Structure formats: structure tokens, C-alpha cells
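Only one structure is covered here, and it is reproduced in the block below.
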Protein chains: 4
Amino acid sequence: MRADAQRNRARILDAAEAVFAEFGPRASTEEVARRAGVAIGTVFRHFPTKDDLLAAIMKRLLTQLVEEAGQRDLFAFFTLMVAQAAAKKTVADLLAGSGMNIRLPDAVGHLEEAVGRLLEQARAAGVVAAPVRLAEVMALLASVCQGALHGGWDEQLQARTLAVIFAGLKRY
Amino acid sequence: MRADAQRNRARILDAAEAVFAEFGPRASTEEVARRAGVAIGTVFRHFPTKDDLLAAIMKRLLTQLVEEAGQRDLFAFFTLMVAQAAAKKTVADLLAGSGMNIRLPDAVGHLEEAVGRLLEQARAAGVVAAPVRLAEVMALLASVCQGALHGGWDEQLQARTLAVIFAGLKRY
Amino acid sequence: MRADAQRNRARILDAAEAVFAEFGPRASTEEVARRAGVAIGTVFRHFPTKDDLLAAIMKRLLTQLVEEAGQRDLFAFFTLMVAQAAAKKTVADLLAGSGMNIRLPDAVGHLEEAVGRLLEQARAAGVVAAPVRLAEVMALLASVCQGALHGGWDEQLQARTLAVIFAGLKRY
Amino acid sequence: MRADAQRNRARILDAAEAVFAEFGPRASTEEVARRAGVAIGTVFRHFPTKDDLLAAIMKRLLTQLVEEAGQRDLFAFFTLMVAQAAAKKTVADLLAGSGMNIRLPDAVGHLEEAVGRLLEQARAAGVVAAPVRLAEVMALLASVCQGALHGGWDEQLQARTLAVIFAGLKRY
DNA sequence: AATGAATGAGCGTTCATTCAT
DNA sequence: GATGAATGAACGCTCATTCAT
């Protein structure tokens, strides 16, 4: 792939992340092209369908999350994801399945593995109760991201809400 | 309002609840009219925009929830709402703000009051920790409904997830 | 169906016949709407897909042909169809299957029956040789319509070409 | 012209003949490039517009036909062309003018001359009636190729259809 | 000369909304 | 009040053509 194509692909992804974060997955592909400063055909050359574009954003965001998971403990990562939920509206919305046909088993799987490692560490450190399993941790994470995203929580509310969950994880 | 108009309004609301529950808020207004057995013009006469129709459904669903809240304790109500989340897809999706412009301060306020009463009772009974406030209870409720709706949780996962939250509420 | 809808449906069909006759089946549906003096949505309300519109034209043209067949002998009908081929470009082109997904077995079947009756009469009158079958008469008819349509034949050429075929039908 | 350019030109023509034979003239130029194993720019360097490419194929096919005409009598050539019509979908379709702007006076002229020679031989041999002229022979040829191409004739129908025309040519 | 990324007009289609009947 | 036909902006997507690399 040529250098300029590479650059355009990145610009389209950046624009798409911003546009879909702002307007949700129903924003038009034209708007993405406009924001990226390319013609509509260029978007479709890189991502043959809109769903492909959405899937590509998701994958990138999830990959970033996995990286960030490696540098934090479970509670810090939980907090970070919730704080970023609004900025990463697309992830939350698409995980929520807004009518799009997107399959990202791998990327989601990697995130789950990363969280699984954090959970084991937390259990080993005695800060999470033994019977807590990965499945409900993921469920809580997804839920609270959705909640934070759409609820327009301020920092206080976010902290208090997470405090309840963290208390539950410790003293299950 | 004429009797037949009254009747049509109710049929449209029923149809809309069913249609939007099945297909989400992106379902077409025509489909609602078809299911209600009225012409499209009649839908728009009763609800001048699609958002008005969605708001009306929401209001009705929230009112039902308030009634149900009066007959349960906090944990039971929490569990009920999560269990119904999928069936009432519309509530969750619209609370999630899928691109629609909907404001329902009153109906949401009533629900909040009802949950507030449950919270006080729970605190009085000593099954919820003193510092837990209504705001985070509502936040958790909304979040977990979203999560349950879009996550396709089975009963076990739902129970385990709620168990974490309930533990947190008790031993905050 | 309302009177105005009926009228619009007819106008759309007329416009479509003219437009597709002039530009072939690849002409845009917008152009049909423009020529009919209606908005694009109206065309799609009456004919949910472009193929439906093309099929409707075909059906109407074939029906007209069947009527005309009833009032002529085989040679006259043959001549008439060839003479009209250019004006009815769409029939010829679509019978030629220009990539469209159109099925009109009934209408085509009726035409075939009508030609079959003409053939029997012609055989009875002794102006067509006994072994000539309907299949090849239809094949010749379709072929020469195509030829006349695309070849831009003048009247003389048309007459001389048909003369060969008619001679062949008589003295097979 | 460089040797590799020469080679590319031939490969593009071969690919185009195959692609357009399979999908008709509406097949995309990209598909031709793909099949030829060259980039799309190379196709447009050799043939500045799609129509130029189609014209080039036509010319080549017509040239082949002229050669084949030299080795057969009128009836055999007629039969051959009809039999090949489907395989050479492009010729028939483009002669049919599927919206393309193509002019090939020379190549068509050469074919016409070749057929003219066959006609003279046939007349001299007494197997074609004296008044039959070249114009209607060409018209019949073009027509029946079209018919065979789009009608999906089996061998029997093709034989019977041609039999009528041949009878007409002999006993005009 | 070849590449292939970029362009952008154009297409078929949908659907919230309006308004004549 | 009810009907449902009409509207037209907007969308996802295609593809002939251009041009920087």
C-alpha cells in the first residue's frame, strides 16, 4: 500500500471515530469523508461497506483498550473505560448492536483475555472475592460504559457508581 | 376527542410498542401504522413527529414501571427491570439516546421518586448501606438494563451480575 | 386506488415507456419521474423497484400486441411488430434480457398463443407451409424485431427482409 | 510501442472479450483489468474510454469473422455466425447498441464485403434467388444472431429457424 | 510505461413528513 | 378525523475516468 493511501486510511479512521462518536453509528459516510477531507469513493475503496468501516473503528478502539489494560489494575482499568465511554461512543453503541452487522470476535476476545488477567491479579491480591467470574465482570464493564455514555454522568456520579460495584466485587 | 380517535391513539401506541420492541427505534413509522391497522396520516395526526411517538411509548412504559415499583422491594424491582429490559427494548434504547431527541423529565422523575422510596425502605431495613444515594442506584439500574438488553445475558449471568451490585449496595 | 393515483400511475408508465424507448433500460428512474412530472418517491411507491417498472411496461406492451394480433393475419402482424420495434424499444431490449431480472411468463405466453392462432389460420389458408412450427415463427419474430430495432432499417429494407422470411414460411 | 506494452494490449483484449462475453457490456472495466492481470490505469492507457475498448474487441471479432467467411459458403457462414452468437455475446450486444457509442464502419464494411462475395457465389450456383440483395442478407444475419443470443435457442430451434430463412433465400 | 489510489457524478432506494381527497 | 398518495432530502454504494507516484 502506498504512503498516501496509508495516510488516507488513517485519516478516514480518525474522522470516522470522531464522527461516529459525535453522532452515533447512524452518521452518514459522506460526513466521514468530508471530515477526512477525501471523496466518498475513497472511503468506500478502503472500507467496501459502512459496516466494514464501523468494524475497523471498533477493532482499533478495542486494541487500544487491550494495551491500556496491560498497564493498570482491574479497578483502574474499569474506571478508565467508564471515563472514556463518552469519547468512545462508537464502541459502546456498537457493542450495543445498533442494527449493524458487525462481527469482531477476535478483538473482543483479546479484550476479554486482558480483563481476565487483571481479574486473576486482583483475586491473587485479595481485592476481589473468589467466586467472582470473568463473565459478570465483563457484563458489568459493558453495562456501566453504556450507562456512563448515555447518562451523561459527572465525575462524582461516576465515582459513586463504580464504588458500589467495586464494593460488590470485593465483598461478594 | 372522539371515541374512535381515542381508540386509534391506543392502538397506535400498542402497535408502536410492539414494533419498536421488535426492530428498535429505527423501525419505520409505516410499519407501526400497518400493525395498528390505520393509515400513516393517522399516526402523524396523533403524534406529529416520530420522536413524539417514541416519547409517548416511553412515558407509558415508565408509568407502568412506577406502578410495579410500588409492589416490590428494591432488589426485586431491580431484578424485574433487568429481566424486562429486552422485552422493553425501546425504553432502554431510547434512554440510550439512539439519535432521537426525546425529553421525558416528568415520567423519569416519577420513576426516580418510586425508586427513591424503595431505597429508603431498604436502608431502613438495613439491607442497603447508609451512604448509598439515589443517583448511583438509578445509574446502576439504567446501566444494567442496557447491558442486559444488548448483551443477550442468560439468566445465570444476569443473576451473577446483579449479585455483585447487590453485594456492593449492602456493604458499600 | 384514488383517481389521482390512478392518473399518476398511468403517467409514470407513459413516461417510462418513452424514456426507456429513447435511452434503453439503463435510463435512470429519476428521468422517468421528471418526464412524468412526479417526484421520485411516487415512482417507487407505484413500482417498488426499477425492475417492477420495466416489467409493468413490458406487460402493457405485450398486452397491446396481443390485441393487435387479433385483428390481423400472420404476415400483417409480423410486419406491424417489426415496424413498431423501434417505438417499442423496451420490449425488444428486455426480451433481449439486458441484465434485468424480469419474468413475464404470462404476458409472453398470451402473445405466443395469439401468434399460434394466426399461424393456424395461415396454414389453413395454405399461405404457410405445413411443417412450420410456432417455435420458429416466434424465434423469427423476436429476431427480426431486434434487428429492425437496432439496425435502423428503412421501410424498403424492412420490406425486403420480411419478404425473404415470408417466402421461406410459404415454401419451406 | 514497447514489447511489454504490445503484450499488455493483447492480454487486455483477451480479458475484455472473455469478461464482456460472460457479463455483457455492463461488466466493469476493473474486472477486465483484474482478469488481464494489469492495473486499471493500464487499461485506460491503451483504450482511453470503455467504448474504445469495446470497439477494439468488436473490430477483432469482426476481422475473425471475415476470415472465416472466406472459407465457407453463404449458408454455412450464416449457420456458423448464429452458432457463435452466444459465445460472442459482445458482438451481438454491441451491434445492438446497448447504450454505447461505437462506430466501426471499416470493420463492418469488410464483413459486409465478405458476405457480399459469398452471396454472389451462392447466386452463381443458383442456390439463392436473383433478386435477393446484400442488404437484407446482412439484416437477416444480424437479426438471427441477436435472436439466437438472447433467445437461448437449442440446436433444433436454431436449425428450424435458419431453415425458414434459407428456404426464403432460395425461392424468394 | 505501469500502477492503483482518488475522484465525484450518478444510481436505486428509503422514509419522515405534508396535504389533497 | 381519517386516508393514503405525493414529496424530496438523504443514504449507501458503483464505476468510468484522472493523475500522483
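Not measured: the values here are computed from a predicted model. Letters A, B, ... are given to chains in the order of the sequence lines, protein chains preceding strands, and every chain is numbered from 1.
With sequence neighbours left out, the salt bridge (charged side-chain N to carboxylate O under 4.0 Å, His left out) criterion links Glu22(A) to Arg35(A). Remark: Arg11(B) engages no residue in a salt bridge (charged side-chain N to carboxylate O under 4.0 Å, His left out) (not counting sequence neighbours). Listed by chain and residue number, nothing satisfies the salt bridge (charged side-chain N to carboxylate O under 4.0 Å, His left out) test with Arg7(C) (two or more places apart in sequence, or in another chain). Under the side chain to side chain donor-acceptor pair (under 3.5 Å) criterion, Ser28(B) pairs with no residue, sequence neighbours left out. Scanning for salt bridge (charged side-chain N to carboxylate O under 4.0 Å, His left out) contacts around Arg2(C) gives Asp4(C), with sequence neighbours left out. Take Glu30(D) and apply the side chain to side chain donor-acceptor pair (under 3.5 Å) test, not counting sequence neighbours, and it matches no residue. Taking the side chain to side chain donor-acceptor pair (under 3.5 Å) definition, one finds that Arg45(B) meets it with nothing, sequence neighbours left out. Residues meeting the side chain to side chain contact (heavy atoms under 4.5 Å, CB included) test with Arg9(C), sequence neighbours left out: Met1(C), Leu13(C), His46(C), Phe47(C). With sequence neighbours excluded, the residues that form a side chain to side chain contact (heavy atoms under 4.5 Å, CB included) with Asp14(B) are Arg60(B).
The 5' end of DNA chain E is approached more closely, in terms of each residue's nearest nucleotide, by His46(D) than by the other of Arg2(C) and His46(D). Nearest-nucleotide mapping onto DNA chain E: of Arg45(D) and Arg9(A), the residue sitting toward the 5' end is Arg45(D). Of the two residues contacting DNA chain F, namely Val38(B) and Asn8(C), the nearest-nucleotide position lying further toward the 5' end is that of Val38(B).
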Practice task
For each nucleotide in nucleotides 8-14 of chain F, reading 5' to 3', give B when a protein heavy atom comes within less than 4.0 Å of its base, S when such contact involves only the sugar-phosphate, and - otherwise.
Solution key: BB-SSBB

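Rounded to whole Å, atom C1' of dA16(F) lies 11 Å from atom CZ of Phe20(D).
Comparing the start and finish of the helix from dA2(E)-dT21(F) to dT21(E)-dA2(F), five pairs each, the helix axis swings through 10°, to the nearest 10 degrees.
Gln84(A) is listed as a side-chain neighbour of Leu65(A), based on a closest heavy-atom distance under 4.5 Å.
Note that the first and last nucleotides of DNA chain E, 5' to 3', having any atom under 4.0 angstrom from a heavy atom of chain B are dA16(E) to dT18(E).
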